[in-house]
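Naming convention: chains lettered A, B, ... in sequence-line order (proteins, then strands); numbering from 1 in each chain.
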Amino acid sequence: MHGQCGLFFRTYAGEARIFPSRFLMVSMGLFGTALCLAPLAMNNYLVSILCLINIAVIGAVSLNLLTGFCGQISLGHGAFFGVGAYAAAYLASLGLPFLAVLPAAGLVTAAVGMFFGLPSLRLKGIYLAIATLAAQLILEYVFLHWDAVTGGSSGMAVDPPQVFGFAFDSDVKMFYLTLAVACVCVLIVCNVMRTRLGRAFVAIRDHHLSAEIVGVDLFAYKLRAFGISSFLAGVGGALWAFYTMYITPEQFGIGLSVSYLAMIIIGGLGSVLGGVFGAVFITILPEFLNFLAHHAGAFFTDISGALLAMKEGVFGLVLVLFLIFEPEGLANRWRLVKAYWKLYPFAH
Amino acid sequence: MEYYLQLFISGLVVGSIYSLVALGFVIIYKATKVVNFAQGELVMVGAYICFALTVQARLPFLVAFFMTLAFSFILGIVIERLILRPMIGEPIISVVMVTIGLSSVLKSLVQLFWGTQIQVFPPVLPQEPVMIAGLPVAPVYLAAFALSVILFLIFSAFFKYSRLGISMRATAFDQQAAASMGIGIKNIFALSWCIAAMVSSIGGVILGNINGINAQLGHLGLKVFPAVILGGLDSLLGAALGGLIVGVLENVCDGAAKEFLGLGGFKDVAAFILLVVILMIKPYGLFGAREIERV
């Protein structure tokens with residue numbers, strides 16, 4: 001929690017509020033309204049990017065809860081996301097309604113995530129990262145070979161979701177659905193961080209021995225971090241399945257795990273806002289490169305192919321540059337920019 | 001039975017390449033405590049450089065091989081200077097992510113220059129199989145195995161007897177104490193990256209001679225983790241043995257899974273299931289240094 005200049009708290013409850021000032025509440029309200037109206041002025045392509053951003057926000061914020069707040073590095077988040085997607089696709093194919101499938105997919109993923117979180121009892125740091133890497137590869141194998149449930153390499157088709165007979169069958173309708181779920185997920189994480197649970201996570205991250213000394217049951221809380229984080233990832237995965245309407249194992253490879261980690265690194269570890277920024281940035285980056293390749297192709301015929309090949313390289317380069325020059329991420333930069341304009345003509 | 005013996009031998013060959021890559025990984029981890037996720041990409045870059053020199057520039061193989069080593073040496077220095085040095089003192093996750101970022105950059109550079117098709121090395125060794133214990137074995141396989149053993153012996157001696165090797169070990173043990181004894185820590189860091197890049201590129205050249213190379217070669221780097229965890233993250237002997245064991249185990253398990261369970265592609269996960277088991281029961285591996293700490 002960063003105390004801000006000019007804000008005085010007289011109660012602890014006041015300090016723990018999500019919107020500490022009325023200005024923030026009003027500006028968030030305006031931003032929300034603008035977001036809701038945005039699809040009216042956009043074509044389908046832009047709306048579909050917004051949907052992807054909403055889903056990525058869920059994944060990034062949930063990983064940030066585990067890695068940024070609780071300090072448990074997970075290289076298996078992409079696979080957990082995939083578990084949610086497959087669970088949703090399977091349950092939906094059994095005929096369950098969407099409103100039941102979404103939390104059920106989350107619960108299945110939470111169970112899987114907590115199972116693979118068990119090694120965190122004994123492992124930390126790099127050893128845990130490698131254990132979760134193993135989880136990623138083992139789960140990928142299960143997606144590919146458990147034909148009866150996952151459809152194997154040919155994948156699974158998913159019907160668009162229906163709520164009380166209303167079908168979300170277009171990008172615009174899916175945008176409102178994903179936006180609503182993403183907002184709920186972000187609020188869940190914000191609220192978890194204001195409770196004893198969230199403070200315990202931060203204590204574990206900062207120093208596990210002192211956390212245990214002040215009465216945090218390390219194993220129980222680490223498992224809860226894995227559970228909550230995977231639950232949200234599962235919900236995100238379920239939305240992904242409903243949105244893309246066709247899922248295959250390669251969508252949930254190690255690349256997805258890496259891109260979620262990149263989102264929270266670029267956005268800012270240990271900040272809910274950072275997760276959101278990172279998700280927006282990493283989702284827009286390849287689309288921006290596409291745009292660039294498309295327009296540069298008009299002048300240099302060769303460059304568009306090369307630029308597409310460089311997509312992964314640019315991703316890696318951005319990641320490396322952020323880590324070297326902006327290790328605190330976009331959330332910190334945002335804070336600095338706000339601080340600058342607060343005192344604008346008098347910078348010092 | 002012969003089927004499994006065949007699997008065992010091909011496992012040893014693949015394992016000896018894992019050993020080489022794991023050796024590079026352990027050298028970096030020992031000296032700098034950096035976990036390198038780009039090890040597989042270093043293998044790939046080495047293989048492609050050698051490919052470019054032998055096939056595209058038509059140099060004789062030995063010349064190309066040594067030029068590849070020189071290139072890898074420089075690549076190691078550049079990576080350490082530009083990317084890893086600013087990360088000294090940063091948290092583990094940042095260092096892990098910087099090497100992951102590095103791996104995607106290297107991969108896309110290779111794709112940019114050489115495309116994604118499989119490229120085949122011209123045969124260097126004779127193609128006639130040699131008979132060992134009644135089984136035909138290609139000379140390339142024997143050379144791969146022998147080269148791995150030789151390199152392992154060289155590096156063991158290097159770390160045990162040479163001044164440089166001892167100062168690398170000292171740095172790994174305690175950086176402050178090493179610095180106060182007059183060891184240039186930064187040079188040691190750079191050197192360990194150079195050695196790792198060179199060893200990996202040797203692995204890449206051998207692989208190129210066996211299977212040909214493509215842009216997916218970097219996935220090999222992931223297989224290093226079971227090997228080094230099994231052997232212990234900071235043990236050279238552990239890396240060498242761990243690589244061999246993982247290579248054999250995954251080949252034999254793959255064969256067994258195909259025969260008894262009808263499961264294909266078990267090779268990719270067998271090593272990782274082993275990895276999880278080891279982490280649960282013996283996290284410091286067979287030969288790793290034990291740090292007693294209760295979490």
Practice item. Any chance you could measure A:Glu312, atom CD, to B:Leu112, atom CG, to the nearest 0.5 Å? Key: 12.0 Å
**Study point:** Nearest atoms (heavy-atom pairs only) where B:Ser104 meets A:Gly316
**Key:** OG-CA, 3.8 Å
Practice item. Could you look at B:Leu82 and say if it's the side chain, the backbone, both or neither that has a heavy atom under 4.5 Å from chain A? Key: backbone
Practice item. Calculate, to the nearest 0.5 Å, the distance between atoms CG and OH belonging to B:Leu233 and A:Tyr127 respectively. Key: 4.0 Å
**Study point:** Partner chain B: residue of A:Gly255, A:Ala129, A:Pro119 with the largest heavy-atom pair count (under 4.5 Å)
**Key:** A:Pro119
Review point. Does any non-hydrogen side-chain atom of B:Val276 lie less than 4.5 Å from one of A:Phe116?
Key: no
Exercise for review: Can you sort out the partners of B:Gln56 under side-chain hydrogen bond (donor to acceptor under 3.5 Å, both in side chains), two or more places apart, ordered by chain and number?
Suggested key: B:Trp114
**Study point:** For chain B, which residues of residues 317-330 of chain A have heavy atoms nearer than 4.5 angstrom
**Key:** A:Leu317, A:Leu319, A:Val320, A:Leu323, A:Ile324, A:Pro327
Check your understanding: Can you check whether B:Phe37 reaches A:Leu133 side chain to side chain, under 4.5 Å on heavy atoms?
Key -> yes
**Study point:** Interface moiety of A:Leu261 toward chain B, non-hydrogen atoms closer than 4.5 Å
**Key:** both
Practice item. Name, in order of residue number, those residues of residues 134-144 of chain A that have a heavy atom at a distance of less than 4.5 Å from a heavy atom in chain B; otherwise write 'none'. Key: A:Ala134, A:Leu137, A:Ile138, A:Tyr141
**Study point:** Residue-level contacts of residues 92-99 of chain B with chain A, using a heavy-atom cutoff under 4.5 Å
**Key:** B:Ile92, B:Ile93, B:Ser94, B:Val96, B:Met97, B:Val98
**Study point:** Separation between CD1 of B:Ile100 and CZ of A:Phe315, rounded to the nearest 0.5 Å
**Key:** 8.5 Å
Review point. Going from CG on A:Leu128 to CG on B:Leu279, what distance comes out if it is rounded to the nearest 0.5 angstrom?
Key: 9.0 Å
Check your understanding: Checking B:Leu84 against chain A: side chain, backbone, both or neither under 4.5 Å from a heavy atom?
Key -> neither
